[in-house]
Amino acid sequence: MTVITRFAPSPTGFLHIGGARTALFNWLFACHHGGKFCLRIEDTDKKRSTSDAIKEIIDGLQWLGLQWHGEAIYQSKNRARHTKVVDVLLERNLAYRCYCTPDELIEMREKARSNGLQPRYDGRWRDRSSTEVPTNIRPAIRFKAPRDGSTVINDQVQGNVTVDNEQLDDMVILRADGTPTYMLSAVVDDHDMGITHVIRGDDHLTNAFRQIQVYRALEWNEPAFAHIPLIHGPDGTKMSKRHGSLGIGTYREMGFLPTAIRNYLLRLGWSHGNEEIITTDKAIAWFDFSGIGRAPSRFDLTKLESLNGHYLRELKDEEAVRLIEPILLPQVGQKLTKQQRDRLFVGIGALKLRAKTLLELAESSFFYIAPRPIKISLKAEKHLNENTKRLLYELTQKLQELDNWNSESIENLIREFASSRDLKLNLVAQPLRVSLTGTTVSPSIFEVMVVLGRSETLSRLRDLQT
RNA sequence: GUCCCCAUCGUCUAGUGGUCCAGGACAUCGGCCUCUCACGCCGAAAACGGGGGUUCGAGUCCCCCUGGGGACGCCA
């Protein structure tokens with residue numbers, strides 16, 4: 001049997017971190033089994049679905065590298081099929097028309113709640129004869145759920161979970177306006193698409209019971225279910241659009257790498273022994289349901305940053321330059337010159353070690369391409385005074401006469417220069433760093449000088465004297 | 001409120017009855033390296049929520065409590 005999974009987001013908002021992880025798990029599971037991973041956009045709620053959201057979801061998944069099989073499926077296009085299934089259910093007396101008004105339903109729920117019961121539909125239209133049907137109300141169609149007994153789901157993550165059927169009410173499967181609801185269309189589409197494993201957030205667990213009943217009513221094969229625990233915000237509650245969760249696009253803008261996000265998300269709620277750094281190949285080879293934990297986990301940006309730092313360091317230098325270029329562009333105002341790009345390329349290796357995000361990397365590399373005279377930060381300025389300027393002036397003379405402009409000879413020269421004056425190296429290096437980079441923090445100042453080149457180095461030093 | 005689920009360091013987790021006075025990672029704190037900051041390396045502090053069982057033996061199995069979460073829509 002070929003494994004077929006799907007990610008089925010509703011395009012009512014951005015692709016958030018929890019959705020991204022659900023997609024990742026579905027993708028990994030399919031890849032692991034050599035199966036197919038499908039994308040289905042659940043856009044049956046026309047009022048809330050937007051094309052912007054669809055675009056964001058698609059962009060986000062692509063950016064994350066979660067390629068789906070074939071074309072994305074739009075659930076709204078299957079509407080005719082969904083309605084047809086509703087008709088079948090109606091014919092077989094497995095569904096019925098409900099003429100309750102919205103107000104009536106609200107009242108019903110409030111009453112149940114105040115009586116300490118679970119708010120749910122009481123089934124008042126379940127067995128009424130067609131003679132007492134009001135003509136002024138368009139009915140919704142409800143599924144005739146079993147009232148006795150219980151429904152068990154053998155969840156791949158949660159194990160056997162049982163719910164008494166009396167807890168489950170007759171859900172609406174077709175709205176009064178004739179549109180199918182999620183409960184119905186998800187089942188129909190999963191069946192039609194041949195989905196073998198439904199992997200989704202824990203918040204869908206109770207839906208699974210109702211959906212299983214639909215499968216059974218229709219005598220369809222049930223897929224396996226795997227409900228994965230939710231990702232909580234730092235405060236321990238479900239992340240939502242207005243609560244701690246950011247769109248995947250935001251993480252991209254913050255300078256995170258897809259590889260890092262994938263690794264982080266995978267490790268959040270899934271484990272393979274003590275493995276922390278997990279390449280995609282290994283993730284595919286190792287991914288299984290047994291590695292998924294059952295407790296929700298909290299989103300920790302710091303750990304993501306640390307992982308991002310790791311993957312940043314693994315980036316090829318040219319790739320790193322390519323990735324920071326668009327971030328640098330607004331500051332530079334124009335396309336980078338060849339010289340600027342060359343400098344970045346040579347300097348980026350040392351910079352990568354020091355950055356956690358692409359944003360930081362771009363920021364820390366700016367001094368290499370900044371126009372003269374370079375801006376000196378307030379903090380850095382403190383290292384410059386009459387004494388140190390005089391020192392740098394003298395050093396400039398020496399540097400001018402240096403034979404070989406390479407890291408080793410520069411370092412030798414400066415060390416000798418410092419010791420000849422009975423100065424600790426940092427008393428020379430720090431003012432030098434400030435004058436060349438405008439900050440107090442940078443890679444080895446000798447390497448910086450090599451990257452800048454003799455001419456630029458001397459020019460920057462001379463800028464200081466004026 | 002009702003139903004369902006969950007519970008190991010601050011966080012993510014390893015642990016599937018003895019090898020656990022509980023291991024790893026991030027974060028924190030020391031130290032080394034050192035021209036600054038990182039990286040790297042070494043080290044420290046830090047957890048089985050509580051109570052009952054079962055068992056020769058429980059972080060691991062069972063029950064209760066507590067705590068946390070999720071679901072209760074003509075949303076998905």
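We name chains A, B, ... by the order of the sequence lines, and we start the count at 1 in each one.
- Note: CG (Leu265(A)) to C1' (rU13(B)) measures 15 Å, nearest angstrom.
- Regarding contacts with the backbone of rA76(B), every side-chain N or O of Arg48(A) stays at 4.0 angstrom or more from both OP1 and OP2.
- Within 4.0 Å (heavy atoms only), Ile445(A) reaches at least one base atom of the nucleic acid.
- The base of rA25(B) lies close enough to the side chain of Lys303(A) for a donor and an acceptor atom to sit less than 3.5 Å apart.
- Gly269(A) comes within 4.0 angstrom of sugar-phosphate atoms only, judged by non-hydrogen atoms across all strands, and of no base.
- Within 4.0 Å of Glu276(A), counting heavy atoms only, lies at least one base atom of the nucleic acid.
- Counting non-hydrogen atoms under 4.0 angstrom, Thr440(A) reaches a base of the nucleic acid.
- rA58(B) sits 11 Å from rU19(B) when the P atoms are compared, rounded to a whole Å.
- Between the C1' atoms of rC74(B) and rC61(B), the separation comes to 46 Å (whole Å).
- The residue Pro9(A) sits apart from the nucleic acid: no heavy atom pair falls under 4.0 Å.
- Remark: the separation of the P atoms in rG53(B) and rU13(B) is 33 Å, to the nearest Å.
- Cation-pi geometry between Arg142(A) and Tyr121(A) is met: the NZ or CZ atom falls under 6.0 Å from the ring centre, inside 45° of the normal.
- Here, rG31(B) and rG23(B) have their P atoms 25 Å apart, quoted to the whole Å.
- Heavy atoms of Asp43(A) sit nowhere under 4.0 angstrom from any nucleic acid atom.
- Counting any heavy atom pair closer than 4.0 Å across all strands shown, Ser271(A) reaches sugar-phosphate atoms only and no base atom.
- Within the 4.0 Å cut-off from OP1 or OP2 of rG40(B), at least one side-chain nitrogen or oxygen of Arg313(A) is found.
- Side chains of Asn263(A) and Glu276(A): no donor on one and acceptor on the other come within 3.5 Å.
- For Arg109(A) and rC74(B), the shortest distance from a side-chain N or O to OP1 or OP2 is below 4.0 Å.
- Residue-to-nucleotide contacts include a donor-acceptor pair under 3.5 Å from the side chain of Asn207(A) to the base of rA76(B).
- Spacing between atom CG of Asp103(A) and atom P of rG73(B) amounts to 15 Å, rounded to whole angstrom units.
- When heavy atoms are screened at a 4.0 angstrom cut-off, His227(A) is found touching no nucleic acid atom at all.
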### Full working for salt bridge (charged side-chain N to carboxylate O under 4.0 Å, His left out) between Asp192(A) and Arg81(A)
CA-CA 10 Å; Asp192(A) 291 357; Arg81(A) 162 74 173 147; 2.7 Å; yes
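- Taking the six-membered ring where the residue is Trp, His197(A) and Phe289(A) present tilted rings, their angle falling between 30° and 60°.
- Within 6.0 Å of CD on Glu363(A) lie no more than 12 heavy atoms contributed by other residues, nucleotides or ligands.
- Rounded to the nearest Å, the gap between the C1' atom of rC9(B) and that of rC5(B) is 24 Å.
- Nucleic acid contact class of Leu230(A) (heavy atoms, under 4.0 Å, all strands): sugar-phosphate only.
- Atom NZ in Lys356(A) sits about 10 Å away from atom C1' in rC26(B), given to the nearest Å.
- Between Arg267(A) and rU13(B) there is no side-chain polar atom (N or O) within less than 4.0 angstrom of OP1 or OP2.
- Under 4.0 Å is where a charged nitrogen must lie from a carboxylate oxygen, and between Glu394(A) and Lys398(A) no such pair does.
- The aromatic rings of Tyr182(A) and His204(A) sit tilted relative to each other, their planes meeting at an angle between 30° and 60°.
- RNA chain B is contacted by both Phe446(A) and Pro180(A); Phe446(A) maps to the nucleotide lying nearer its 5′ end (nearest heavy atom per residue).
- Contact annotation for Met183(A): base contact, defined as any heavy-atom pair under 4.0 Å involving a base atom.
- Judged by distance alone, the side chains of Asp155(A) and His227(A) do bring a donor and an acceptor atom under 3.5 Å apart.
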Expected rows: protein N/O vs nucleotides 2-9 of chain B N/O, under 3.5 Å:
{"unit_1": "rU2(B)", "atom_1": "O4'", "unit_2": "Gly116(A)", "atom_2": "O", "d": "3.4"}
{"unit_1": "rC3(B)", "atom_1": "O4'", "unit_2": "Gln167(A)", "atom_2": "OE1", "d": "3.4"}
{"unit_1": "rC5(B)", "atom_1": "O2'", "unit_2": "Gln158(A)", "atom_2": "OE1", "d": "3.4"}
{"unit_1": "rC6(B)", "atom_1": "OP1", "unit_2": "Arg294(A)", "atom_2": "NH1", "d": "2.6"}
{"unit_1": "rC6(B)", "atom_1": "OP1", "unit_2": "Arg294(A)", "atom_2": "NH2", "d": "3.4"}

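- Residue contacts shown for Ser444(A) include a base, since a base heavy atom lies under 4.0 Å away.
- Contacts of Thr44(A) with the nucleic acid, taken as non-hydrogen atoms under 4.0 Å apart, involve only primed sugar atoms and P, OP1 or OP2.
- No cation-pi contact links Arg262(A) to Tyr264(A), judged by a cut-off of 6.0 Å to the six-membered ring centre and 45° from its axis.
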